[in-house]
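Just the heavy atoms: all of them, side chains too, but no hydrogens, waters or symmetry mates, feed the values below. Positions are given from 1, in the same order as the sequence printed here.
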Amino acid sequence: MTCDPRVLRRPLLVGLIPAVWTVVLGLWGLSRQNSVWRDEAATWQVARRSTGDIVRMLEHVDVVHSLYYLCMHGLFAGFGPSTTVLRLPSVLAVAAAAACVALIGHRLAGAYVGLGAGLVLGLLPAVQFYLQEGRPYALVAAGSAVSTLLLVNALRGRARKRAWAAYACAVLVCGWLNWLALLILPAHLITLLWSRAPRGVRVRWAVAAGAATAGVLPLALFSLDQSGQVSWVPPLTWHMMIGPAILLAIGGLGGLLGRRTGTGTGTAERTGAAGRTDRTGRADRTDLADRARRPGPVTGSPSVAAVGLPLLAVPQLGLIGLSLVKSLFVDRYILFSLLGLALLIGALIGRAVDEVARRSRPAARCVLPVLVAVALVALLPQSLAKRSPASRVDDVLAAAERTRQLKHDGDGVLFIPAARRDTWLVTPDAFTGTRDIALAETPEESGTLKGVEASPARVRAAMLAQRRILLVTDATGVARPTRGRRDRTKAEVLATHFTLVSDERIRGRRVAVYERLAPAGGG
(Lines give C-alpha, C1' and ligand atoms only; values in the text may rest on other atoms or scores of the structure.)
Protein backbone atom coordinates (compact mmCIF):
# COMPACT_ATOMS: atom_id res chain seq x y z
CA MET A 1 0.00 0.00 0.00
CA THR A 2 1.40 3.36 -1.03
CA CYS A 3 0.15 6.92 -1.34
CA ASP A 4 -1.38 7.23 -4.82
CA PRO A 5 0.12 10.26 -6.62
CA ARG A 6 -3.37 11.16 -7.86
CA VAL A 7 -4.50 11.60 -4.27
CA LEU A 8 -1.68 14.01 -3.55
CA ARG A 9 -2.70 16.22 -6.46
CA ARG A 10 -6.22 16.75 -5.08
CA PRO A 11 -6.64 18.81 -1.91
CA LEU A 12 -10.23 17.59 -1.60
CA LEU A 13 -9.04 14.01 -1.23
CA VAL A 14 -6.30 15.07 1.17
CA GLY A 15 -9.07 16.34 3.45
CA LEU A 16 -11.58 13.58 2.72
CA ILE A 17 -9.32 10.62 3.50
CA PRO A 18 -8.59 11.66 7.13
CA ALA A 19 -12.29 12.48 7.62
CA VAL A 20 -13.39 9.01 6.49
CA TRP A 21 -10.59 7.41 8.52
CA THR A 22 -11.73 9.27 11.63
CA VAL A 23 -15.37 8.28 11.12
CA VAL A 24 -14.30 4.63 10.91
CA LEU A 25 -12.33 5.00 14.16
CA GLY A 26 -15.32 6.69 15.76
CA LEU A 27 -17.90 4.10 14.72
CA TRP A 28 -15.68 1.27 15.94
CA GLY A 29 -17.12 0.25 19.31
CA LEU A 30 -19.30 3.37 19.49
CA SER A 31 -21.78 1.95 22.01
CA ARG A 32 -19.03 0.85 24.45
CA GLN A 33 -21.12 -2.27 25.19
CA ASN A 34 -24.19 -0.09 25.73
CA SER A 35 -22.64 1.91 28.56
CA VAL A 36 -23.12 5.57 29.48
CA TRP A 37 -21.09 7.26 32.20
CA ARG A 38 -22.03 10.12 34.52
CA ASP A 39 -20.92 13.03 32.32
CA GLU A 40 -22.79 11.66 29.32
CA ALA A 41 -25.77 10.94 31.58
CA ALA A 42 -26.02 14.68 32.21
CA THR A 43 -26.28 15.28 28.45
CA TRP A 44 -28.79 12.45 28.07
CA GLN A 45 -31.19 13.53 30.82
CA VAL A 46 -31.05 17.25 29.95
CA ALA A 47 -31.55 16.61 26.24
CA ARG A 48 -34.78 14.74 27.02
CA ARG A 49 -36.33 17.76 28.76
CA SER A 50 -38.47 20.33 27.04
CA THR A 51 -36.83 23.50 25.74
CA GLY A 52 -38.48 25.50 28.51
CA ASP A 53 -37.20 23.13 31.18
CA ILE A 54 -33.68 23.32 29.73
CA VAL A 55 -33.71 27.12 29.73
CA ARG A 56 -34.98 27.12 33.33
CA MET A 57 -32.19 24.77 34.35
CA LEU A 58 -29.53 26.90 32.66
CA GLU A 59 -30.41 29.77 34.96
CA HIS A 60 -29.06 27.69 37.84
CA VAL A 61 -26.54 25.24 36.42
CA ASP A 62 -24.48 24.30 33.34
CA VAL A 63 -25.08 27.50 31.38
CA VAL A 64 -21.59 27.00 29.94
CA HIS A 65 -23.02 24.07 27.95
CA SER A 66 -26.25 25.79 26.94
CA LEU A 67 -25.76 25.66 23.16
CA TYR A 68 -24.69 22.03 23.28
CA TYR A 69 -27.68 20.95 25.37
CA LEU A 70 -30.11 22.69 23.03
CA CYS A 71 -28.51 21.05 20.01
CA MET A 72 -28.67 17.62 21.63
CA HIS A 73 -32.30 18.26 22.60
CA GLY A 74 -33.07 18.76 18.91
CA LEU A 75 -31.27 15.55 17.95
CA PHE A 76 -32.96 13.50 20.66
CA ALA A 77 -36.34 14.92 19.65
CA GLY A 78 -35.71 14.05 16.01
CA PHE A 79 -34.01 10.67 16.29
CA GLY A 80 -34.76 9.48 19.81
CA PRO A 81 -32.30 8.91 22.69
CA SER A 82 -29.61 6.30 22.08
CA THR A 83 -25.87 5.94 22.48
CA THR A 84 -25.48 6.45 18.73
CA VAL A 85 -27.36 9.76 18.71
CA LEU A 86 -25.53 10.77 21.88
CA ARG A 87 -22.02 10.21 20.45
CA LEU A 88 -22.28 10.53 16.68
CA PRO A 89 -22.02 14.36 16.75
CA SER A 90 -18.60 14.00 18.40
CA VAL A 91 -17.50 11.48 15.77
CA LEU A 92 -18.53 13.78 12.93
CA ALA A 93 -16.98 16.79 14.66
CA VAL A 94 -13.56 15.14 15.03
CA ALA A 95 -13.82 13.96 11.41
CA ALA A 96 -14.40 17.57 10.34
CA ALA A 97 -11.44 18.66 12.49
CA ALA A 98 -9.24 16.00 10.87
CA ALA A 99 -10.21 17.24 7.41
CA CYS A 100 -9.39 20.83 8.36
CA VAL A 101 -6.06 19.85 9.90
CA ALA A 102 -5.20 17.92 6.73
CA LEU A 103 -6.03 20.92 4.56
CA ILE A 104 -3.99 23.22 6.80
CA GLY A 105 -0.98 20.92 6.61
CA HIS A 106 -1.38 20.54 2.86
CA ARG A 107 -1.49 24.28 2.28
CA LEU A 108 1.43 25.00 4.57
CA ALA A 109 3.82 22.18 3.75
CA GLY A 110 2.45 19.78 1.19
CA ALA A 111 0.17 16.78 0.87
CA TYR A 112 2.22 14.36 2.96
CA VAL A 113 2.23 16.74 5.91
CA GLY A 114 -1.50 17.28 5.54
CA LEU A 115 -2.39 13.61 5.22
CA GLY A 116 -0.10 12.73 8.11
CA ALA A 117 -1.58 15.39 10.39
CA GLY A 118 -5.17 14.47 9.52
CA LEU A 119 -4.65 10.74 10.01
CA VAL A 120 -2.70 11.23 13.25
CA LEU A 121 -5.39 13.37 14.90
CA GLY A 122 -7.86 10.52 15.23
CA LEU A 123 -5.17 8.24 16.68
CA LEU A 124 -4.12 10.52 19.54
CA PRO A 125 -5.26 8.75 22.76
CA ALA A 126 -7.03 11.79 24.22
CA VAL A 127 -8.81 12.41 20.93
CA GLN A 128 -9.90 8.76 20.75
CA PHE A 129 -11.42 9.16 24.22
CA TYR A 130 -13.51 12.23 23.36
CA LEU A 131 -14.19 11.03 19.82
CA GLN A 132 -16.85 8.78 21.41
CA GLU A 133 -18.03 11.09 24.17
CA GLY A 134 -21.49 12.64 24.43
CA ARG A 135 -20.09 16.00 25.52
CA PRO A 136 -19.20 19.23 23.63
CA TYR A 137 -15.40 19.01 23.58
CA ALA A 138 -15.11 17.39 20.14
CA LEU A 139 -17.40 20.06 18.71
CA VAL A 140 -15.13 22.76 20.14
CA ALA A 141 -12.18 21.07 18.43
CA ALA A 142 -14.03 21.10 15.11
CA GLY A 143 -14.85 24.80 15.38
CA SER A 144 -11.25 25.56 16.35
CA ALA A 145 -9.99 23.65 13.32
CA VAL A 146 -12.32 25.58 11.03
CA SER A 147 -11.22 28.93 12.46
CA THR A 148 -7.54 27.98 12.13
CA LEU A 149 -8.04 26.94 8.51
CA LEU A 150 -9.70 30.27 7.79
CA LEU A 151 -6.80 32.09 9.45
CA VAL A 152 -4.26 30.20 7.35
CA ASN A 153 -6.20 31.09 4.21
CA ALA A 154 -6.09 34.73 5.28
CA LEU A 155 -2.34 34.60 5.79
CA ARG A 156 -2.00 33.18 2.29
CA GLY A 157 -3.96 36.08 0.86
CA ARG A 158 -7.18 34.20 0.21
CA ALA A 159 -9.55 35.84 2.68
CA ARG A 160 -12.42 38.14 1.87
CA LYS A 161 -14.91 39.81 4.21
CA ARG A 162 -17.07 36.68 4.19
CA ALA A 163 -14.09 34.61 5.34
CA TRP A 164 -13.48 36.92 8.29
CA ALA A 165 -17.19 36.80 9.15
CA ALA A 166 -16.99 33.01 9.05
CA TYR A 167 -13.91 33.13 11.29
CA ALA A 168 -15.77 35.26 13.87
CA CYS A 169 -18.77 32.90 13.74
CA ALA A 170 -16.57 29.81 14.20
CA VAL A 171 -14.88 31.30 17.28
CA LEU A 172 -18.24 32.51 18.60
CA VAL A 173 -19.79 29.04 18.33
CA CYS A 174 -16.74 27.49 20.01
CA GLY A 175 -17.05 30.01 22.82
CA TRP A 176 -20.72 29.21 23.32
CA LEU A 177 -19.89 25.51 23.48
CA ASN A 178 -17.19 26.24 26.09
CA TRP A 179 -15.90 29.76 26.68
CA LEU A 180 -12.39 28.46 27.44
CA ALA A 181 -12.19 27.93 23.69
CA LEU A 182 -11.37 31.65 23.49
CA LEU A 183 -7.84 30.62 24.41
CA ILE A 184 -7.44 29.94 20.70
CA LEU A 185 -7.40 33.70 20.04
CA PRO A 186 -4.02 34.44 21.69
CA ALA A 187 -2.68 31.38 19.87
CA HIS A 188 -3.83 32.84 16.56
CA LEU A 189 -2.39 36.23 17.51
CA ILE A 190 1.04 34.65 18.02
CA THR A 191 0.71 32.96 14.62
CA LEU A 192 0.00 36.35 13.03
CA LEU A 193 2.99 37.97 14.69
CA TRP A 194 5.28 35.01 14.00
CA SER A 195 4.29 35.06 10.34
CA ARG A 196 4.67 38.84 10.09
CA ALA A 197 1.18 39.20 8.74
CA PRO A 198 0.42 42.47 6.94
CA ARG A 199 -1.24 45.19 8.96
CA GLY A 200 -4.51 44.79 7.08
CA VAL A 201 -4.74 41.12 8.03
CA ARG A 202 -3.96 41.92 11.65
CA VAL A 203 -6.64 44.62 11.78
CA ARG A 204 -9.29 42.35 10.23
CA TRP A 205 -8.35 39.58 12.65
CA ALA A 206 -8.65 41.96 15.61
CA VAL A 207 -12.13 43.03 14.50
CA ALA A 208 -13.29 39.44 14.02
CA ALA A 209 -11.73 38.28 17.30
CA GLY A 210 -13.22 41.25 19.16
CA ALA A 211 -16.69 40.54 17.78
CA ALA A 212 -16.48 36.88 18.78
CA THR A 213 -15.22 37.74 22.26
CA ALA A 214 -18.00 40.26 22.75
CA GLY A 215 -20.52 37.61 21.80
CA VAL A 216 -19.13 35.10 24.29
CA LEU A 217 -18.49 37.54 27.15
CA PRO A 218 -22.09 37.54 28.52
CA LEU A 219 -22.02 33.75 28.76
CA ALA A 220 -18.64 33.77 30.48
CA LEU A 221 -19.73 36.38 33.01
CA PHE A 222 -23.02 34.63 33.74
CA SER A 223 -21.23 31.30 34.21
CA LEU A 224 -19.06 32.81 36.96
CA ASP A 225 -22.11 32.66 39.24
CA GLN A 226 -22.15 28.90 38.66
CA SER A 227 -18.45 28.37 39.35
CA GLY A 228 -19.32 25.99 42.17
CA GLN A 229 -19.85 23.36 39.47
CA VAL A 230 -16.09 23.04 39.04
CA SER A 231 -15.38 22.86 42.77
CA TRP A 232 -14.45 19.22 42.25
CA VAL A 233 -11.38 20.20 40.15
CA PRO A 234 -8.29 19.74 42.35
CA PRO A 235 -5.75 22.55 42.80
CA LEU A 236 -2.93 22.64 40.30
CA THR A 237 0.10 20.55 41.32
CA TRP A 238 3.48 19.93 39.73
CA HIS A 239 2.63 16.37 38.71
CA MET A 240 -0.43 17.63 36.80
CA MET A 241 1.93 19.52 34.48
CA ILE A 242 3.82 16.40 33.41
CA GLY A 243 1.30 15.68 30.64
CA PRO A 244 1.42 19.19 29.16
CA ALA A 245 5.22 19.16 29.38
CA ILE A 246 5.38 15.92 27.38
CA LEU A 247 2.98 17.28 24.76
CA LEU A 248 4.98 20.51 24.43
CA ALA A 249 8.22 18.54 24.11
CA ILE A 250 6.77 16.41 21.30
CA GLY A 251 5.36 19.50 19.64
CA GLY A 252 8.64 21.36 19.95
CA LEU A 253 10.46 18.42 18.39
CA GLY A 254 7.99 18.44 15.52
CA GLY A 255 8.43 22.16 15.02
CA LEU A 256 12.23 21.88 15.12
CA LEU A 257 12.76 18.82 12.93
CA GLY A 258 9.89 19.56 10.61
CA ARG A 259 10.91 23.14 9.93
CA ARG A 260 12.71 22.22 6.72
CA THR A 261 9.69 20.50 5.23
CA GLY A 262 8.67 22.27 2.04
CA THR A 263 5.68 24.52 1.66
CA GLY A 264 4.11 22.45 -1.06
CA THR A 265 7.35 21.90 -2.98
CA GLY A 266 9.03 19.33 -0.79
CA THR A 267 11.31 16.66 -2.22
CA ALA A 268 8.66 13.98 -2.09
CA GLU A 269 6.21 16.09 -4.01
CA ARG A 270 8.73 17.02 -6.69
CA THR A 271 8.65 13.36 -7.70
CA GLY A 272 5.54 14.08 -9.72
CA ALA A 273 3.14 12.88 -7.05
CA ALA A 274 1.83 16.32 -6.25
CA GLY A 275 4.70 18.54 -7.20
CA ARG A 276 4.67 22.15 -8.17
CA THR A 277 7.55 21.47 -10.57
CA ASP A 278 8.57 18.56 -12.74
CA ARG A 279 11.95 16.79 -12.73
CA THR A 280 13.62 19.53 -14.74
CA GLY A 281 12.35 22.24 -12.42
CA ARG A 282 9.89 23.72 -14.90
CA ALA A 283 6.71 25.16 -13.39
CA ASP A 284 3.64 22.93 -13.53
CA ARG A 285 0.97 24.47 -15.75
CA THR A 286 -1.72 23.49 -13.28
CA ASP A 287 0.10 25.40 -10.56
CA LEU A 288 0.44 28.46 -12.78
CA ALA A 289 -3.25 28.34 -13.60
CA ASP A 290 -4.06 27.99 -9.90
CA ARG A 291 -1.97 31.07 -9.11
CA ALA A 292 -3.81 33.00 -11.81
CA ARG A 293 -7.17 32.11 -10.24
CA ARG A 294 -6.24 33.25 -6.73
CA PRO A 295 -8.40 36.12 -5.48
CA GLY A 296 -5.46 38.19 -4.32
CA PRO A 297 -1.73 38.23 -3.82
CA VAL A 298 -0.27 35.57 -1.59
CA THR A 299 1.16 37.24 1.47
CA GLY A 300 3.35 34.24 2.22
CA SER A 301 2.39 31.02 3.92
CA PRO A 302 3.28 30.69 7.59
CA SER A 303 5.32 27.67 8.61
CA VAL A 304 3.73 24.64 10.23
CA ALA A 305 5.53 25.57 13.45
CA ALA A 306 4.07 29.10 13.37
CA VAL A 307 0.57 27.61 13.33
CA GLY A 308 1.00 24.38 15.27
CA LEU A 309 3.18 25.43 18.19
CA PRO A 310 0.98 28.33 19.39
CA LEU A 311 -2.13 26.21 18.87
CA LEU A 312 -0.64 23.51 21.10
CA ALA A 313 1.18 25.61 23.68
CA VAL A 314 -1.00 28.67 24.32
CA PRO A 315 -4.16 26.85 25.46
CA GLN A 316 -2.09 24.53 27.67
CA LEU A 317 -0.14 27.37 29.26
CA GLY A 318 -3.21 29.62 29.38
CA LEU A 319 -5.24 27.04 31.30
CA ILE A 320 -2.33 26.51 33.70
CA GLY A 321 -2.26 30.27 34.29
CA LEU A 322 -6.02 30.43 34.91
CA SER A 323 -5.73 27.47 37.28
CA LEU A 324 -3.41 29.47 39.51
CA VAL A 325 -6.40 31.74 40.18
CA LYS A 326 -9.23 29.20 40.05
CA SER A 327 -8.79 25.42 39.82
CA LEU A 328 -9.73 24.65 36.22
CA PHE A 329 -7.01 22.39 34.90
CA VAL A 330 -8.89 19.59 33.13
CA ASP A 331 -7.39 18.44 29.83
CA ARG A 332 -10.72 18.06 28.03
CA TYR A 333 -11.37 21.80 28.33
CA ILE A 334 -8.52 22.38 25.87
CA LEU A 335 -8.85 19.27 23.71
CA PHE A 336 -8.64 21.58 20.69
CA SER A 337 -4.96 22.26 21.47
CA LEU A 338 -4.19 18.76 20.14
CA LEU A 339 -4.90 20.08 16.65
CA GLY A 340 -1.53 21.78 16.94
CA LEU A 341 0.13 18.56 18.07
CA ALA A 342 -1.30 16.71 15.06
CA LEU A 343 0.04 19.40 12.71
CA LEU A 344 3.51 19.20 14.23
CA ILE A 345 3.56 15.40 14.03
CA GLY A 346 2.45 15.78 10.42
CA ALA A 347 5.51 17.98 9.85
CA LEU A 348 7.70 15.21 11.27
CA ILE A 349 6.09 12.75 8.85
CA GLY A 350 6.69 15.15 5.98
CA ARG A 351 10.34 15.43 6.98
CA ALA A 352 10.63 11.63 7.07
CA VAL A 353 9.09 11.37 3.59
CA ASP A 354 11.52 13.98 2.26
CA GLU A 355 14.52 12.14 3.72
CA VAL A 356 13.46 8.80 2.23
CA ALA A 357 12.67 10.43 -1.12
CA ARG A 358 16.27 11.58 -1.43
CA ARG A 359 17.28 7.92 -1.54
CA SER A 360 14.29 6.25 -3.17
CA ARG A 361 11.32 8.07 -4.61
CA PRO A 362 9.03 5.00 -4.81
CA ALA A 363 9.86 4.11 -1.21
CA ALA A 364 8.84 7.60 -0.08
CA ARG A 365 5.24 6.81 -0.98
CA CYS A 366 5.22 3.95 1.53
CA VAL A 367 6.42 6.01 4.49
CA LEU A 368 3.07 7.47 5.52
CA PRO A 369 1.04 4.22 5.28
CA VAL A 370 3.73 2.33 7.19
CA LEU A 371 3.95 4.94 9.96
CA VAL A 372 0.15 5.05 10.36
CA ALA A 373 -0.04 1.23 10.45
CA VAL A 374 2.71 1.05 13.08
CA ALA A 375 0.97 3.71 15.19
CA LEU A 376 -2.36 1.91 14.87
CA VAL A 377 -0.85 -1.37 16.06
CA ALA A 378 1.14 0.28 18.86
CA LEU A 379 -1.93 2.10 20.12
CA LEU A 380 -4.29 -0.87 19.72
CA PRO A 381 -4.31 -1.78 23.44
CA GLN A 382 -5.21 1.81 24.34
CA SER A 383 -7.78 1.99 21.54
CA LEU A 384 -9.50 -1.15 22.80
CA ALA A 385 -9.38 0.07 26.39
CA LYS A 386 -11.01 3.39 25.51
CA ARG A 387 -13.85 1.52 23.81
CA SER A 388 -14.68 -0.54 26.88
CA PRO A 389 -17.04 0.46 29.74
CA ALA A 390 -14.05 0.29 32.11
CA SER A 391 -12.53 3.35 30.39
CA ARG A 392 -14.97 5.56 32.29
CA VAL A 393 -15.55 6.05 36.00
CA ASP A 394 -18.93 4.34 36.03
CA ASP A 395 -21.83 3.05 33.94
CA VAL A 396 -25.26 4.51 34.54
CA LEU A 397 -27.09 2.05 32.30
CA ALA A 398 -25.58 -1.03 33.95
CA ALA A 399 -26.66 0.19 37.39
CA ALA A 400 -30.16 0.91 36.09
CA GLU A 401 -30.47 -2.55 34.57
CA ARG A 402 -29.43 -4.21 37.81
CA THR A 403 -31.96 -2.08 39.68
CA ARG A 404 -34.65 -3.30 37.28
CA GLN A 405 -33.76 -6.89 38.21
CA LEU A 406 -33.64 -6.33 41.99
CA LYS A 407 -36.63 -4.05 42.56
CA HIS A 408 -39.99 -5.02 44.07
CA ASP A 409 -43.15 -2.98 43.69
CA GLY A 410 -43.39 -0.49 46.53
CA ASP A 411 -39.64 -0.36 47.19
CA GLY A 412 -38.12 2.93 48.24
CA VAL A 413 -35.07 4.16 46.35
CA LEU A 414 -32.21 6.25 47.72
CA PHE A 415 -29.32 7.89 45.90
CA ILE A 416 -26.03 8.75 47.63
CA PRO A 417 -24.99 11.35 46.64
CA ALA A 418 -28.05 12.92 45.03
CA ALA A 419 -26.14 13.20 41.74
CA ARG A 420 -26.45 9.42 41.38
CA ARG A 421 -30.11 10.06 40.65
CA ASP A 422 -28.93 10.23 37.03
CA THR A 423 -29.40 6.44 37.06
CA TRP A 424 -33.16 7.04 37.31
CA LEU A 425 -33.24 10.12 35.07
CA VAL A 426 -31.57 8.35 32.14
CA THR A 427 -33.59 5.11 32.47
CA PRO A 428 -36.81 5.92 34.35
CA ASP A 429 -38.57 2.73 33.22
CA ALA A 430 -36.04 0.69 35.21
CA PHE A 431 -37.51 2.20 38.39
CA THR A 432 -41.19 1.68 37.58
CA GLY A 433 -43.07 0.66 40.72
CA THR A 434 -40.55 2.22 43.11
CA ARG A 435 -40.53 5.58 44.89
CA ASP A 436 -37.70 8.08 45.28
CA ILE A 437 -38.24 8.64 49.00
CA ALA A 438 -35.80 11.57 49.42
CA LEU A 439 -36.96 13.66 46.48
CA ALA A 440 -38.95 16.83 47.23
CA GLU A 441 -38.78 18.52 43.80
CA THR A 442 -37.96 16.84 40.51
CA PRO A 443 -35.07 18.17 38.43
CA GLU A 444 -37.53 19.70 35.96
CA GLU A 445 -39.52 21.42 38.72
CA SER A 446 -36.42 22.75 40.47
CA GLY A 447 -34.46 23.65 37.34
CA THR A 448 -31.50 21.55 38.47
CA LEU A 449 -29.61 18.48 37.29
CA LYS A 450 -30.37 16.25 40.27
CA GLY A 451 -33.52 17.67 41.85
CA VAL A 452 -34.06 19.00 45.37
CA GLU A 453 -34.22 16.59 48.28
CA ALA A 454 -36.26 16.91 51.47
CA SER A 455 -34.76 17.93 54.81
CA PRO A 456 -32.76 15.30 56.71
CA ALA A 457 -35.64 14.86 59.19
CA ARG A 458 -38.15 14.18 56.43
CA VAL A 459 -35.74 11.83 54.66
CA ARG A 460 -35.31 9.90 57.92
CA ALA A 461 -39.07 9.62 58.44
CA ALA A 462 -39.61 8.47 54.85
CA MET A 463 -36.92 5.81 55.20
CA LEU A 464 -38.36 4.45 58.44
CA ALA A 465 -41.73 4.08 56.73
CA GLN A 466 -40.22 1.68 54.17
CA ARG A 467 -39.88 -2.08 54.54
CA ARG A 468 -37.34 -2.34 51.71
CA ILE A 469 -34.93 0.20 50.25
CA LEU A 470 -32.80 0.10 47.11
CA LEU A 471 -29.61 2.15 47.36
CA VAL A 472 -27.75 3.39 44.28
CA THR A 473 -24.36 4.86 45.07
CA ASP A 474 -20.73 4.89 43.97
CA ALA A 475 -18.59 1.77 44.21
CA THR A 476 -15.65 1.66 46.59
CA GLY A 477 -12.72 3.45 45.03
CA VAL A 478 -15.01 5.80 43.15
CA ALA A 479 -17.05 7.14 46.07
CA ARG A 480 -15.97 10.28 47.88
CA PRO A 481 -16.45 10.79 51.62
CA THR A 482 -20.06 11.56 52.53
CA ARG A 483 -20.10 15.25 53.42
CA GLY A 484 -23.68 16.47 53.34
CA ARG A 485 -25.84 16.20 56.41
CA ARG A 486 -28.65 14.67 54.37
CA ASP A 487 -26.41 11.91 52.98
CA ARG A 488 -25.00 11.22 56.44
CA THR A 489 -28.56 10.82 57.68
CA LYS A 490 -29.31 8.32 54.91
CA ALA A 491 -26.23 6.26 55.76
CA GLU A 492 -26.92 6.38 59.52
CA VAL A 493 -30.55 5.21 59.17
CA LEU A 494 -29.57 2.36 56.84
CA ALA A 495 -26.85 1.21 59.23
CA THR A 496 -29.03 1.45 62.34
CA HIS A 497 -32.49 0.34 61.24
CA PHE A 498 -31.90 -1.83 58.16
CA THR A 499 -29.95 -4.94 57.29
CA LEU A 500 -28.03 -5.40 54.06
CA VAL A 501 -29.40 -8.33 52.04
CA SER A 502 -27.78 -7.70 48.67
CA ASP A 503 -24.75 -5.63 47.64
CA GLU A 504 -23.44 -5.60 44.10
CA ARG A 505 -20.79 -3.51 42.35
CA ILE A 506 -21.45 -2.94 38.68
CA ARG A 507 -18.99 -0.94 36.56
CA GLY A 508 -18.18 1.75 39.09
CA ARG A 509 -21.57 1.86 40.81
CA ARG A 510 -23.05 0.00 43.72
CA VAL A 511 -26.64 -1.26 43.94
CA ALA A 512 -27.61 -2.50 47.39
CA VAL A 513 -30.85 -3.81 48.89
CA TYR A 514 -31.72 -3.13 52.53
CA GLU A 515 -34.58 -4.59 54.56
CA ARG A 516 -36.09 -3.17 57.73
CA LEU A 517 -35.04 -4.74 61.02
CA ALA A 518 -38.29 -3.82 62.80
CA PRO A 519 -41.86 -3.20 61.60
CA ALA A 520 -42.23 -0.09 59.46
CA GLY A 521 -42.80 2.99 61.57
CA GLY A 522 -41.05 1.52 64.57
CA GLY A 523 -38.60 4.42 64.65
Across all chains, not counting sequence neighbours, the side chain to side chain donor-acceptor pair (under 3.5 Å) partners of Thr237 are His239
Would you please classify the geometry between the Tyr333 ring and the Tyr137 ring as parallel, tilted or perpendicular, with 30° and 60° separating the classes?
-> tilted
Greater than 12 external heavy atoms within 6.0 Å of Arg402's CZ:
yes
- Query: Does any donor atom in the side chain of Gln128 or Ser383 lie under 3.5 Å from an acceptor atom in the other side chain?
  - Reply: yes
The salt bridge (Lys or Arg N to Asp or Glu O under 4.0 Å) partners of Glu492 (sequence neighbours excluded) come to Arg460
Item to complete: Using a strict 4.0 Å threshold on nitrogen-to-oxygen distance, state whether Asp503 and Arg505 make a salt bridge.
Response: yes
**Prompt:** Is the ring centre of Tyr167 less than 6.0 Å from the ring centre of His188?
**Reply:** yes
Quick note, ring pair (Phe, Tyr, Trp, His ring centres under 6.0 Å) partners involving residues 15-57, not counting sequence neighbours, are Trp44-Phe76
For Lys450, does the NZ atom sit with more than 12 other heavy atoms under 6.0 Å from it, leaving out its own atoms? no
- Does NZ or CZ of Arg420 come closer than 6.0 Å to the centre of the six-membered ring of Phe415, within 45° of the ring's axis? no
Closest non-hydrogen contact found for Leu425 with Arg48 is O-NH1, 4.2 Å
- Polar contact flag, side-chain donor to acceptor under 3.5 angstrom, Asp53-Ser50: yes
Residues at least two apart in sequence or cross-chain that pass salt bridge (Lys or Arg N to Asp or Glu O under 4.0 Å) with Arg392, listed by chain then number, are Glu133
Subject >> Min side-chain heavy-atom separation Pro89-Leu75 under 4.5 Å >> reply: yes
| Sidechain N-carboxylate O distance under 4.0 Å for Arg421, Asp436 | yes
Is a side-chain donor-acceptor pair under 3.5 Å present for Ser446 with Thr448? yes
Here the salt bridge (charged side-chain N to carboxylate O under 4.0 Å, His left out) pairs for residues 21-40, sequence neighbours left out, are Arg32-Glu40, Arg38-Asp394, Arg38-Asp474, Asp39-Arg332, Glu40-Arg87
What pairs of donor and acceptor atoms, side-chain ones from residues 218-227 against any protein atom, are under 3.5 angstrom apart with sequence neighbours left out?
from	atom 1	to	atom 2	distance (Å)
Ser223	OG	Trp179	NE1	3.1
Ser223	OG	Leu219	O	3.4
Ser223	OG	Ala220	O	2.7
Gln226	OE1	Asp62	N	3.0
Gln226	OE1	Val63	N	3.0
Gln226	NE2	Leu58	O	3.0
Ser227	OG	Leu224	O	3.2

